[in-house]
> 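Structure in structure tokens, see below.
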There are 2 protein chains.
Amino acid sequence: MKAIKIPEKTVTRISIYLRCLEELEHEGTASVSSTQLADRFGLNSAQVRKDLACFGQFGIRGLGYYITPLRHSLEEILGLKRAWDVALVGLGNLGSALMTYKGFHEKGFKISAVFDRDPAKIDRRVEGVQVMDIGAIVPVIRKRKIKMGILAVRAAGAQAVLDALVEGGVIAVLNFAPTQLTAPDSVKIQNVDLSALLKTLSYHIAQTERPNSRTP
Amino acid sequence: MKAIKIPEKTVTRISIYLRCLEELEHEGTASVSSTQLADRFGLNSAQVRKDLACFGQFGIRGLGYYITPLRHSLEEILGLKRAWDVALVGLGNLGSALMTYKGFHEKGFKISAVFDRDPAKIDRRVEGVQVMDIGAIVPVIRKRKIKMGILAVRAAGAQAVLDALVEGGVIAVLNFAPTQLTAPDSVKIQNVDLSALLKTLSYHIAQTERPNSRTP
DNA sequence: TAGATTGTTAATCGATTAACAATC
DNA sequence: TAGATTGTTAATCGATTAACAATC
């Protein structure tokens with residue numbers, strides 16, 4: 001019935017709005033206007049209204065948006081009303097950190113399966129979860145119906161691991177390996193290249209310091 | 001003389017091209033065309049040419065781009081020809097992981113100052129770096145002329161830490177705290193909200209599984 | 001030279017913003 | 001009712017892609 005294609009950027013902003021609504025709720029505010037919301041992060045109020053309108057008519061003309069019901073609606077839309085089981089592959093520094101990262105648990109993401117290829121790590125328990133061999137990915141993921149995966153392995157092994165995850169039924173992946181991955185269109189991949197982020201920062205500094213830099 | 005304003009997205013893609021050039025160089029290839037480069041990550045060849053043209057005329061008509069010289073030029077542009085000292089604030093799970101993360105060192109980013117507010121952690125040595133109290137941020141950063149910082153603290157304390165970093169002279173920050181930060185325009189902030197990334201994934205799954213979902 | 005590929009201009013596409021009738 | 005703010009359409013802006021003359 002309604003509009004069909006939601007832009008990626010809208011979905012990203014929805015989770016920013018959500019963060020803001022949580023804060024306002026804590027402060028005891030009952031309602032908020034698109035302008036107030038937009039001012040919090042230098043966005044345009046029309047954009048806020050348009051983003052929200054993608055998912056329904058949540059606002060009240062002349063008043064704004066009631067915070068609690070809006071928060072519930074957005075959480076429902078983002079699928080945050082349920083807990084998600086997540087498979088983590090790679091228990092190096094980054095993987096171990098993600099395992100204990102509080103932010104995930106708070107938001108209902110539970111890393112309930114962990115895989116590594118290092119025999120020394122297999123069968124160890126981390127945060128109450130037993131580490132398994134990457135060879136077990138397909139059957140375990142399939143059995144437990146896990147749909148979400150995190151790749152914290154080195155670039156060289158990432159594609160093979162992704163293939164296994166996908167074969168097991170995973171359709172959404174957070175990838176920290178700095179490499180280009182291939183998967184069916186039905187699989188959503190979010191890439192986070194930490195080094196690349198630092199590189200854009202180093203560009204910024206280099207640009208700022210460059211003596212003959214043309215001021216923009 | 002030349003074009004002035006480089007889009008953020010172009011800079012991000014440059015570091016992707018760089019990764020690809022490194023691979024090709026390893027394989028012993030001498031030159032590459034914009035089409036070959038674009039095919040590697042489903043981009044458009046015109047976009048590759050345009051991105052590169054922002055920084056100069058690197059190509060040879062009829063042939064393409066010589067890989068090694070292009071790589072050197074791009075590294076120079078991104079400021080990767082020198083080592084960068086980075087200040088890390090927050091030595092929790094994530095901070096500790098970043099401290100030992102190999103990818104940073106490989107690319108010339110050295111975390112050479114670490115701050116935490118927990119007295120139990122202060123004065124400990126991590127990876128050869130002595131942990132200092134966050135109260136020492138301003139003088140230490142200033143003394144060592146550190147320009148780049150990483151925020152791995154909780155949301156509540158992030159703004160205060162950022163203020164200190166900026167006062168000390170930092171102009172580029174990688175922020176993992178899920179909160180909206182404010183800084184002068186001259187300071188570049190890259191936000192990485194890990195939970196928000198998982199939320200877009202959960203939206204994707206919810207959307208896929210939604211029984212009455214209209215197929216796009 | 002003939003074939004290939006760049007650098008760049010023009011056309012297209014999508015996302016952001018402005019504007020305003022609808023309405024609380 | 002008068003004032004405020006939404007939802008949405010139209011205008012603007014920027015980024016992507018197509019096309020092609022320049023040229024290796």
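Sequence lines set the chain letters: A, B, ... in the order given, protein chains first and strands last, and positions in each chain run from 1.
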> Considering only heavy atoms of chain A and a distance under 4.0 Å, specify the first and last nucleotide of DNA chain D in 5' to 3' order that meet this criterion.
D:dA4 to D:dA10
> Are the side chains of B:Arg71 and B:Tyr17 in touch, meaning some heavy atoms are under 4.5 Å apart?
no
> Can you pull out the residues from residues 35-52 of chain B that lie within a 4.0 Å heavy-atom distance of DNA chain C?
B:Arg49, B:Lys50
> Is the backbone N or O of B:Ser186 less than 3.5 Å from a side-chain atom of A:His204, with the two atoms forming a donor-acceptor pair by type?
yes
> Under a 4.5 Å cut-off applied to non-hydrogen side-chain atoms, are A:Ile205 and B:Trp84 in contact?
yes
> Is there a side-chain contact between B:Leu174 and B:Val86 in this structure, where contact means two heavy atoms from C-beta onward sitting under 4.5 Å apart?
no
> Is there a side-chain contact between A:Phe55 and A:Ser73 (heavy atoms, below 4.5 Å)?
no
> Please list, in numerical order, the residues of residues 181-193 of chain B that have a heavy atom closer than 4.0 Å to any atom of DNA chain C.
none
> Show me the dot-bracket string of DNA chain D, counting Watson-Crick or G-U pairs under 3.5 Å, with | for pairs to another strand and [ ] for crossing ones.
..||||||||||||||||||||||
> Is the shortest side-chain heavy-atom distance between A:Leu94 and A:Leu98 below 4.5 Å?
yes
> In chain order, what residues pass the side-chain contact (heavy atoms from CB on, under 4.5 Å) check against A:Lys81, with sequence neighbours excluded?
A:His72, A:Glu75, A:Glu76
> Given side chains that start at C-beta, do those of A:Ile146 and A:Ser112 come closer than 4.5 Å, heavy atoms only?
yes
> So, using salt bridge (Lys or Arg N to Asp or Glu O under 4.0 Å) as the criterion, who are the partners of A:Glu8 when residues are at least two apart?
A:Lys188
> Nearest 0.5 Å, please: how far is OG1 in A:Thr35 from CZ in A:Arg49?
6.5 Å
> Heavy-atom distance under 4.5 Å between the side chains of B:Asn93 and A:Tyr101, does that happen here?
no
> Are A:Thr29 and A:Ile67 close enough that some pair of their side-chain heavy atoms sits under 4.5 Å apart?
yes
> By nearest heavy atom, map B:Gln57 and A:Glu8 onto DNA chain C; which one lands nearer the 5' end?
B:Gln57
